[in-house]
Enquirer: 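First the structure, which I've put down as structure tokens, then a few questions once you've had a look.
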Amino acid sequence: MTENRQREVAAEPVPEDAPRESLADEDAFRILWELKMKKRQKRPSLPDTVTEFTTEEGSKVYIVGTAHFSDSSKQDVVKTIQEVQPDVVVVELCQYRVSMLKMDEETLLKEAKEINLEKLHQAIKQNGVMSGLMQILLLKVSAHITEQLGMAPGGEFREAFKEASKVPFCKFHLGDRPIPVTFKRAIAALSIWQKMKLAWGLCSLSDPISEDDVEKCKQKDLLEQMMAEMIGEFPDLHRTIVSERDIYLAYMLKQAARPTELPRASETEPRKSIPSVVVGVVGMGHVPGIERNWDRELNIQEIMSIPPPSTLSKAVAFAAKLTFFGLLGYSCYCISKRTVRIILSVPATQYCLRRLNQMGH
């Protein structure tokens, strides 16, 4: 039945004893909404890791600051969503990392530990040579933590996704800046020497990490704390990886907190809006930056632009590509050469070659 036909049917007089489908829909919407409002606590009991913000329209935003490798953070997220029954849940993920929401813990644990040529090729194809290599090095940091703790990252985001699906009329938003933009801006902010120094720092990471270390980092996200220690001497890198994303996250949270339009059972019902309730799930290290930017007029166009690569960067990227494909070609040559030797050493092959030689004479 088309939309026009539905409107026509709605406009026709309905006998009193006929089934009232539209009223049934209205009742269903009303019951679900009332159930949600009843569950929503006016004075919610929230974990200490939650920071509350209010918008000019009166919307409430509850930001859960998490450690990305923490069971305690998962519980904080679940409790917050259950207490406030949000209209929108926003997580610190972008479309390039959304697959982790639907993967099980075992698969994620395996994926996080495996860094291979396929992942390297995919990262370079998606982000460019320098940014792709940077992404692989950061994945190595994450893999190091994963291996030390035996725990896959992003558990709090998966819990947020599950809990949001249980709340009537709740939307789920991705609130982080696309990762290729972040990496490309980060690489553009560094000199060649700084890139080499940072790469060495990431490659040499090997300190053991305990679960107690993770929980101590509830005041600052573990992954971002480790990064901050390594990039502390590079202010421009900290700006692109942390500060700019603080701005982006604050902007997306404020967008999500626009007044919520109440669900309507039919097109004829007038539109009504009320202040929204939003839950944000972000790394603990981003909360102070979001707080600093909350009352500012935010424009994300500048931090979404990608600076053109310098001549030196192009030369280095070309050299890296040349080296990569050179090594790949040399590997193929060595493998093929060895394969030929093995084939030639087989008695059957030697017999065939002797027969061909005799036929030639």
Enquirer: For the hydrophobic clusters of this structure (ILVMFWY residues joined by side-chain heavy atoms under 4.5 Å, transitively), does one cluster hold both Met100 and Val78?
Expert: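 No; Val78 is not reachable from Met100 via cluster members.
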
Enquirer: Any side-chain heavy atom of Lys254 within less than 4.5 Å of one from Trp294?
Expert: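 They are in side-chain contact.
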
Enquirer: So do the side chains of Trp33 and Pro168 get within less than 4.5 Å of each other, counting heavy atoms only?
Expert: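 Side-chain contact under 4.5 Å: no.
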
Enquirer: So, for Leu253 and Gly280, which heavy atoms are closest and what is the spacing to 0.1 Å?
Expert: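 Residues Leu253 and Gly280, closest heavy atoms: CD2-CA, 3.8 Å.
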
Enquirer: Let's go through Val279 and Val84 carefully: what are the C-alpha distance in whole Å and the side-chain angles of both, what is the deciding distance for side-chain contact (heavy atoms from CB on, under 4.5 Å) to 0.1 Å, and is it a yes or a no?
Expert: CA-CA 8 Å; Val279 169; Val84 306; 3.5 Å; yes

Enquirer: Side-chain heavy atoms under 4.5 angstrom apart, residues restricted to Ile, Leu, Val, Met, Phe, Trp, Tyr: same cluster for Val167 and Leu35?
Expert: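 Each belongs to a different hydrophobic cluster.
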
Enquirer: Should we say atom CZ of Arg40 is surrounded by more than 12 heavy atoms from elsewhere, each under 6.0 Å from it?
Expert: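 Enclosed.
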
Enquirer: Let's go through Ser243 and His238 carefully: what are the C-alpha distance in whole Å and the side-chain angles of both, what is the deciding distance for side-chain contact (heavy atoms from CB on, under 4.5 Å) to 0.1 Å, and is it a yes or a no?
Expert: CA-CA 7 Å; Ser243 301; His238 185 273; 3.7 Å; yes

Enquirer: Rounded to the nearest 0.5 Å, what separates atom CG in Asn293 from atom NE2 in His286?
Expert: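 NE2 of His286 is found 12.0 Å from CG of Asn293.
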
Enquirer: Indicate, with yes or no, if Met37 and Leu32 share a hydrophobic cluster defined by side-chain heavy-atom contacts under 4.5 Å among Ile, Leu, Val, Met, Phe, Trp and Tyr.
Expert: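 They do share one cluster, since a chain of ILVMFWY contacts under 4.5 Å joins Leu32 to Met37.
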
Enquirer: Taking atom CZ of Phe53 and atom CD1 of Ile290, what is their separation to the nearest 0.5 Å?
Expert: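 Atom-to-atom, Phe53:CZ and Ile290:CD1 are 6.5 Å apart.
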
Enquirer: Of the non-hydrogen atoms in Ala186 and Ile241, which two are nearest, and what is the gap between them?
Expert: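 For Ala186 and Ile241, the tightest heavy-atom pair comes out as CB-CG1, 4.1 Å.
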
Enquirer: State, with a plain yes or no, whether a side-chain heavy atom of Tyr62 is found less than 4.5 Å away from one of Pro86.
Expert: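 Contact flag for Tyr62/Pro86 side chains = no.
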
Enquirer: Relative to the ring of Phe172, is the ring of Phe161 parallel (under 30°), tilted (30 to 60°) or perpendicular (over 60°)?
Expert: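 Perpendicular.
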
Enquirer: For residues Glu156 and Thr66, is any side-chain donor paired with an opposing acceptor at under 3.5 Å?
Expert: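 Distance-only check passes for Glu156 and Thr66.
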
Enquirer: Count I, L, V, M, F, W, Y as connected when their side-chain heavy atoms are under 4.5 Å apart, and connections chain through other members. Are Val281 and Val98 then in the same cluster?
Expert: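 Yes; tracing contacts between hydrophobic side chains, which count when under 4.5 Å, links both residues.
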
Enquirer: Among all residues two or more places apart in sequence or in another chain, which pass the side-chain contact (heavy atoms from CB on, under 4.5 Å) test with Thr260?
Expert: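 For Thr260, the residues satisfying side-chain contact (heavy atoms from CB on, under 4.5 Å) (neighbours in sequence not counted) are Asp87, Ser276.
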
Enquirer: Would Ser59 and Glu57 count as having a side-chain donor-acceptor pair, cut-off 3.5 Å?
Expert: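 Note: Ser59 and Glu57 side chains miss the donor-acceptor criterion.
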
Enquirer: For Leu101 and Leu93, run side-chain contact (heavy atoms from CB on, under 4.5 Å): C-alpha distance rounded to whole Å, both residues' side-chain angles, the deciding distance at 0.1 Å, then the answer.
Expert: CA-CA 10 Å; Leu101 294 175; Leu93 287 176; 3.8 Å; yes

Enquirer: With rounding to the nearest 0.5 angstrom, report the OG1 to CD distance, Thr80 to Gln75.
Expert: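 Reported value, rounded in 0.5 Å steps: 11.5 Å.
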
Enquirer: Is Glu56 atom CD crowded by more than 12 heavy atoms from other residues, nucleotides or ligands, each under 6.0 Å away?
Expert: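 No, not enclosed.
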
Enquirer: Can Lys272 and Glu261 be counted as an ion pair, charged N to O under 4.0 angstrom?
Expert: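 Salt bridge absent between Lys272 and Glu261.
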
Enquirer: Looking at Ser73 and Ala67, what are the two nearest heavy atoms and their distance?
Expert: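 Shortest heavy-atom contact: OG-N, 3.0 Å.
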
Enquirer: Is any side-chain heavy atom of Cys94 closer than 4.5 Å to one of Arg177?
Expert: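 Result no, sub-4.5 Å side-chain heavy-atom pair not found.
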
Enquirer: For the residue pair Val77 and Glu163, establish whether any side-chain heavy-atom pair is separated by less than 4.5 Å.
Expert: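 No, their side chains stay 4.5 Å or more apart.
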
Enquirer: Looking at side-chain heavy atoms only, is the closest gap between Arg245 and Thr240 below 4.5 Å?
Expert: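 A side-chain contact is absent here, since even the closest heavy-atom pair is not under 4.5 Å.
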
Enquirer: What are the two closest heavy atoms between Leu174 and Met252, and how far apart are they?
Expert: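 It is O-CE, 3.8 Å.
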
Enquirer: Using every non-hydrogen atom in the two residues, find where Ser45 and Glu83 come nearest and quote the distance to one decimal.
Expert: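 Looking at all heavy atoms of both residues, the closest pair is N-OE1, 3.0 Å.
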
Enquirer: What I'd like to find out is whether the side chain of Arg185 reaches to under 4.5 Å of the side chain of Ser305, using heavy atoms alone.
Expert: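 Yes; the side chains approach each other to less than 4.5 Å.
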
Enquirer: Quick one: CD1 on Ile303 to OH on Tyr248, what's the gap to the nearest 0.5 Å?
Expert: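 With rounding to 0.5 Å, CD1 (Ile303) is 8.0 Å from OH (Tyr248).
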
Enquirer: So, Glu34 and Lys38, do they make that salt bridge, N to O below 4.0 Å?
Expert: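 Lys38 and Glu34: not salt-bridged.
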
Enquirer: Quick one: pull up CG in Asp76 and CE in Met284 and give me the separation to the nearest 0.5 Å.
Expert: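 So the gap between those two atoms works out to 8.0 Å.
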
Enquirer: How far does CD1 of Ile187 sit from OG1 of Thr182, to the nearest 0.5 angstrom?
Expert: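 Ile187 atom CD1 to Thr182 atom OG1 measures 11.5 Å (nearest 0.5 Å).
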
Enquirer: So does Lys36 have more than 12 non-hydrogen atoms from other groups sitting under 6.0 Å from NZ?
Expert: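 Yes, the 6.0 Å shell around NZ holds more than 12 heavy atoms from other groups.
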
Enquirer: Just do the side-chain contact (heavy atoms from CB on, under 4.5 Å) check on Leu249 and Glu92 with the steps written out, would you?
Expert: CA-CA 7 Å; Leu249 287 164; Glu92 183 200 331; 4.3 Å; yes

Enquirer: Can you tell if the side chain of Val89 reaches within under 4.5 Å of the side chain of His173, non-hydrogen atoms only?
Expert: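 Of all side-chain heavy-atom pairs linking His173 with Val89, none is under 4.5 Å.
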
